[in-house]
Amino acid sequence: MQTWGGCAFPDDVLYDFASDTWIRLQDDGIAQIGMTDVSQSRCGRLVQVGWKPVSKKVEKGRPLSVIESSKWVGPMRSPLTAMVIANNKQAFVDDVAIANRDPYGKGWFYLLQIVNQDELSALANSEDAFLYYHKVIEETGLRCFRCEN
């Protein structure tokens, strides 16, 4: 895992820059997704998340969740065309800032059944993500942080 400006870029995930999300591929065409460290830091402490229901199909680039934070309200867009097979809503009910504390672990958002495997070729690996976000971090002066309880 590489880091820059306090932001982490794990090696075991892919990245979609347009949606500022990470994708961890699992067996049988299932993808676990969440906010990148850069995204959760830009947003600030989350205060509320709206959820797409299980069994709902979502197109790449369309909203999966509406996120409200201390700095921002807006959509979390889907990095893939997929069917929602699970969400992590209960973890966010128990601790709304879980993605601020553990964006690549307990703070995941959805499990998606990938509909269009060809879309995976547009995702970036961790090395490309590090280079891309390194530039973003330097240009904006962003520093990643983890919220306390």
Show your reasoning for whether salt bridge (charged side-chain N to carboxylate O under 4.0 Å, His left out) applies to Arg101 and Asp95.
CA-CA 10 Å; Arg101 279 190 258 297; Asp95 176 9; 2.5 Å; yes
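- One hydrophobic cluster, built from ILVMFWY side chains closer than 4.5 Å, cannot hold both Val58 and Met83; they sit in different ones.
- Remark: the backbone N or O of Lys106 is paired with a side-chain donor or acceptor of Asn88 at under 3.5 angstrom.
- A distance of 8.0 Å separates OG1 of Thr21 from CG of Leu123, quoted to the nearest 0.5 Å.
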I'd like to know whether Leu112 forms a side chain to side chain contact (heavy atoms under 4.5 Å, CB included) with Ile85, so could you lay out the CA-CA distance, the side-chain angles of the two residues, the decisive distance to 0.1 Å, and finally the verdict.
CA-CA 6 Å; Leu112 303 176; Ile85 61 171; 5.9 Å; no
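- Few gaps surround NZ on Lys60; more than 12 heavy atoms of other groups in view lie less than 6.0 Å from it.
- Taking every heavy atom of both residues into account, Phe17 and Ala124 meet most closely at CZ-CB, 3.5 Å.
- At distances below 3.5 Å, not a single donor-acceptor pair connects side-chain atoms of Ser65 with backbone N or O atoms of Ile67.
- To the nearest 0.5 angstrom, Glu68 atom CD is 13.0 Å from Arg45 atom CZ.
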Using side chain to side chain contact (heavy atoms under 4.5 Å, CB included), reason through Ile114 and Leu25 one step at a time and then give a plain yes or no.
CA-CA 10 Å; Ile114 301 168; Leu25 298 177; 3.9 Å; yes
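- Considering OH of Tyr133 and CG of Asp37, their distance stands at 10.0 Å, rounded to 0.5 Å.
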Might you work through the side chain to side chain contact (heavy atoms under 4.5 Å, CB included) test for Phe92 and Leu46, ending with a clear yes or no?
CA-CA 9 Å; Phe92 284 81; Leu46 301 186; 4.0 Å; yes
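- For Gly34 against Met76, the heavy-atom pair with the smallest separation is C-CE, 3.6 Å.
- Without hydrogens or angle criteria, Ser121 side chain to Asp118 main chain gives a donor-acceptor distance under 3.5 Å.
- Note on Val49 and Trp72: same hydrophobic cluster, where clusters join Ile, Leu, Val, Met, Phe, Trp and Tyr whose side-chain heavy atoms are under 4.5 Å apart, directly or indirectly.
- Once rounded to the nearest 0.5 Å, the distance linking CD of Glu119 with OG of Ser78 reads 8.0 Å.
- Judged by distance alone, with hydrogens and angles left aside, the side-chain atoms of Asn100 form a donor-acceptor pair with the main-chain N or O of Gly44 at under 3.5 Å.
- In plain terms, the two heavy atoms of Trp22 and Pro103 that are nearest each other are NE1-O, 2.9 Å.
- Scanning both residues, Pro10 and Ser126, for their nearest heavy atoms gives O-CB, 3.2 Å.
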Take Tyr110 and Trp51 through the test ring-ring contact (aromatic ring centres under 6.0 Å, His included) and record every step on the way to the result.
CA-CA 9 Å; Tyr110 290 95; Trp51 297 92; 5.4 Å; yes
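- With rounding to the nearest 0.5 angstrom, the CD atom of Glu59 is 9.0 Å from the CG atom of Asn116.
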Please report the C-alpha distance between Ile33 and Leu64 in whole Å, then the side-chain angles of each, then the deciding distance to 0.1 Å, and finally whether the side chain to side chain contact (heavy atoms under 4.5 Å, CB included) criterion is met.
CA-CA 11 Å; Ile33 69 158; Leu64 266 172; 3.3 Å; yes
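- Nearest heavy atom pair, residue Ala86 against residue Trp108, reads O-CZ3, 4.4 Å.
- At a threshold of 4.5 Å between non-hydrogen side-chain atoms, the residues Phe9 and Tyr15 count as touching.
- Residue pairs meeting the salt bridge (charged side-chain N to carboxylate O under 4.0 Å, His left out) criterion with at least one member in residues 18-33, sequence neighbours excluded: Asp12-Arg24, Asp20-Arg42.
- For the residue pair Ala99 and Phe109, the shortest heavy atom distance occurs at CB-CE1, 3.9 Å.
- Both Ile137 and Leu131 belong to a single network of hydrophobic side chains, linked directly or stepwise wherever heavy atoms of I, L, V, M, F, W or Y lie under 4.5 Å apart.
- Rounded to the nearest 0.5 Å, atoms NZ (Lys71) and OG (Ser41) are 7.5 Å apart.
- Residues Val136 and Tyr104 share a single hydrophobic cluster, defined by chaining ILVMFWY side chains whose heavy atoms lie under 4.5 Å apart.
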